[in-house]
Amino acid sequence: MHWMGAAVFLALYANQSFAFDLNDVAKQAKTLAGQSYEAPKSNLPAQFRDLKYTDYQQIQFRSDKDYWGKLRTPFKLQFYHQGMYFDLPVKLNEVTANTVREIKYNPDYFSFGNINHDANAVKNLGFAGFKVLYPLNTKKKEDEIASFLGASYFRVIGAGQTYGLSARGLAIDTALPSGEEFPRFKEFWIERPKPQDKQLTIYALLDSPRATGAYRFVIHPGQSSTVDVSSKIFLRDSVGKLGIAPLTSMFLFGANQPSPTMNYRDELHDSDGLSLHNGNGEWIWRPLNNPRRLAVSTYSLEDPKGFGLLQRNRDFSHYQDLDDRYDQRPSAWIEPKGNWGKGHVELVEIPTNDETNDNIVAFWSPDQMPAPGKEADFNYRINFTRDEGSLHSPDVAWVKDTLRSAGDVKQSNLVRQPDGSIAFIIDFTGKAMSKLPADTQVAPQVSIGDNGEVVEESVRYNPVTKGWRLVLRLRVKDPKKTTEMRAALASGDKTLTETWSYQLPANE
């Protein structure tokens with residue numbers, strides 16, 4: 001009888017399968033938030049800290065050591081070695097059906113190339129991050145689809161895409177004079193997927209001097225890969241600015257701001273604009289700049305429906321870059337889940353002279369900061385896509401191109417004469433717009449800030465795009481100041497397009 005009782009007990013216990021979830025990480029985050037911040041110490045020998053990028057690239061994970069490589073799961077893991085400015089170890093754990101266990105660092109996972117190193121110097125090092133492999137483009141080859149490396153940065157791609165912009169867990173005090181604080185994911189828990197799973201679940205613990213957080217990422221690879229993010233944030237102390245769902249990208253030059261030096265590439269950027277979908281239904285498009293000095297733009301959005309940094313121009317001929325394939329870089333679109341309340345989307349543009357610096361940041365910031373120690377939940381989906389048209393309402397036309405030119409007037413002898421103005425040619429296109437008759441009466445709605453005056457605003461049908469083209473010429477009063485512009489197209493009392501919102505940078 002006693003034996004039977006024990007057997008029943010064991011059977012019941014076995015049926016109560018072990019579960020690890022976001023609340024387990026949140027408990028740690030809350031406990032951490034109640035303690036003073038402990039700055040992590042680097043354990044990296046100088047020979048690894050002083051590596052140049054090309055040297056660091058020599059430290060390669062050995063593909064015959066893929067984690068889960070011998071399991072039938074479609075997902076595999078590889079790890080990044082510490083080195084360069086990735087100098088802090090990140091703790092990695094595997095979550096299975098009945099346990100959590102640490103994935104221990106072992107130098108045998110790596111090939112060190114030509115880097116001379118003492119075996120004793122690496123035996124107590126660790127992982128800097130990890131990458132996820134999945135047969136995305138063909139069933140015969142595993143592609144890298146996600147990378148978690150550095151602070152709270154992560155990148156994800158869909159089929160036929162090339163790594164471009166990054167997402168981040170949290171941004172604190174971005175572009176404030178006091179300086180930005182960079183929270184970091186210090187520990188990850190990765191669920192071992194079952195053979196039939198089409199998604200991968202990752203948990204992360206975030207820590208920084210003034211905030212902690214618990215995160216769950218559910219990655220769904222596909223033509224457009226999506227990541228469902230659940231976050232629970234705890235502030236240790238008050239912050240000046242809290243950036244939720246931050247995106248970081250690069251814009252060097254493009255059609256709206258051509259290269260200052262001759263270049264066979266017309267455009268060089270990971271993203272060409274910020275797209276916003278307001279809670280009131282309005283769509284806004286803000287082309288990006290590489291300004292001469294730091295620029296910050298804010299857009300008030302209550303309960304935003306979506307925002308993102310997009311790469312709308314998909315035409316290879318605009319980039320002509322066979323190595324970096326900017327035409328294949330993904331757009332990242334944030335869809336909030338639930339109501340986020342009152343706040344604003346902030347766009348930060350930082351001057352850069354080359355494409356190696358991420359100089360664009362966008363995030364949502366709440367007007368009301370959470371009180372220190374209180375849990376603040378933000379849940380959202382990130383869509384990494386090359387199908388920007390699918391993000392938009394088919395009845396609202398969107399900006400296909402923003403082209404900048406010296407303004408000119410065609411003389412009676414047909415010669416174009418520059419008149420000192422600046423011209424913007426804005427092409428609007430869309431599913432509903434393309435069905436309108438070419439003779440539809442379409443009128444511009446243009447407003448301009450105090451620093452400019454409109455010389456021309458004219459609209460004409462574009463038979464190539466089956467949309468309408470707005471020509472906007474303006475004179476800038478003080479070139480040392482920025483000039484704000486907004487434009488949309490309407491037919492009668494119906495607005496046909498999103499709002500083109502642009503800031504012409506100061507020319508100094």
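When a residue number appears, it is its place in the shown sequence, counting from 1. The structure displayed is predicted, hence computed values, not measured ones.
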Does any donor atom in the side chain of [X] or [Y] lie under 3.5 Å from an acceptor atom in the other side chain?
X	Y	value
Glu94	Trp68	yes
Asn359	Thr352	no
Arg286	Ser297	yes

Taking atom [atom1] of [X] as the centre, report whether more than 12 heavy atoms of other residues, nucleotides or ligands fall under 6.0 Å from it.
X	atom1	value
Glu102	CD	yes
Gln196	CD	yes
Tyr264	OH	yes
Lys337	NZ	yes
Lys431	NZ	no
Lys400	NZ	no

Carboxylate-amine/guanidinium contact [X] [Y], below 4.0 Å:
X	Y	result
Asp272	Arg312	no
Asp207	Arg236	yes
Asp108	Arg62	no
Glu375	Lys30	no
Lys241	Asp173	no
Glu180	Arg168	yes
Asp21	Arg216	no
Asp321	Arg265	yes
Glu144	Arg155	no
Glu335	Arg381	no
Lys141	Asp143	yes

Show your reasoning for whether side-chain contact (heavy atoms from CB on, under 4.5 Å) applies to Thr248 and Tyr153.
CA-CA 9 Å; Thr248 300; Tyr153 286 80; 3.9 Å; yes
Ring centroid separation [X] to [Y] under 6.0 Å:
X	Y	answer
Tyr109	Tyr67	no
Phe378	Trp340	yes
Trp283	His392	yes
Phe112	His81	yes

Nearest-0.5 Å distance, [atom1] of residue [X] to [atom2] of residue [Y]:
X	Y	atom1	atom2	result
Glu181	Ile172	CD	CD1	4.5 Å
Met250	Ile360	CE	CD1	9.5 Å
Asn289	Ile350	CG	CD1	13.0 Å

Begin from the C-alpha positions of Asn313 and Glu267 and carry the test side-chain hydrogen bond (donor to acceptor under 3.5 Å, both in side chains) through to its verdict.
CA-CA 9 Å; Asn313 197 319; Glu267 309 196 33; 3.2 Å; yes
Below 30° counts as parallel, above 60° as perpendicular, anything between as tilted: where do the rings of [X] and [Y] land?
X	Y	answer
Phe130	Phe148	parallel
Phe61	Phe79	perpendicular
Phe75	Tyr134	tilted
His269	Tyr319	perpendicular

Heavy-atom check, side chain of [X] versus side chain of [Y], under 4.5 Å:
X	Y	answer
Gln60	Phe110	no
Phe251	Asp270	no
Asn256	Leu403	no
Leu200	Ile190	yes
Ser231	Asp377	no
Ile233	Ile244	yes
Ile157	Phe384	no
Leu125	Leu44	yes

Is it true that a side-chain atom of [X] and a backbone atom of [Y] form a donor plus acceptor pair closer than 3.5 Å?
X	Y	answer
Gln58	Asn114	yes
Arg184	Ser152	no
Asn137	Gly160	yes
Ser208	Pro183	no

For [X] and [Y], which heavy atoms make the closest approach, and how far apart are they?
X	Y	result
Tyr299	Ser501	OH-OG, 3.0 Å
Ser147	Tyr80	OG-OH, 2.8 Å
Thr298	Glu346	CG2-OE1, 3.7 Å
Gly129	Leu92	O-CD1, 4.3 Å

Can you list the steps and then say if Leu205 with Tyr215 is a side-chain contact (heavy atoms from CB on, under 4.5 Å)?
CA-CA 6 Å; Leu205 176 63; Tyr215 286 74; over 6 Å; no
Show your reasoning for whether side-chain contact (heavy atoms from CB on, under 4.5 Å) applies to Asn357 and Leu252.
CA-CA 9 Å; Asn357 296 317; Leu252 190 63; over 6 Å; no
Among Gln161, Arg386, Glu388, whose side-chain hydrogen bond (donor to acceptor under 3.5 Å, both in side chains) with Ser331 holds?
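The residue from Gln161, Arg386, Glu388 that satisfies side-chain hydrogen bond (donor to acceptor under 3.5 Å, both in side chains) with Ser331 turns out to be Glu388.
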Could you give me the CA-CA distance, side-chain angles and deciding distance for Leu310 and Leu391, then say whether side-chain contact (heavy atoms from CB on, under 4.5 Å) is met?
CA-CA 10 Å; Leu310 308 188; Leu391 302 174; 3.9 Å; yes
Verdict with supporting geometry, Thr261 and Asn263, side-chain hydrogen bond (donor to acceptor under 3.5 Å, both in side chains)
CA-CA 6 Å; Thr261 57; Asn263 198 308; 5.3 Å; no
Sort out for me which residue in Phe188, Phe185, Tyr380, Tyr203 forms a ring pair (Phe, Tyr, Trp, His ring centres under 6.0 Å) with Phe217.
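Checked Phe188, Phe185, Tyr380, Tyr203 against Phe217; only one passes ring pair (Phe, Tyr, Trp, His ring centres under 6.0 Å): Phe185.
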CA sep, side-chain torsions, deciding dist, call: Phe20, Trp189, ring-ring contact (aromatic ring centres under 6.0 Å, His included)
CA-CA 9 Å; Phe20 180 92; Trp189 295 260; 5.6 Å; yes
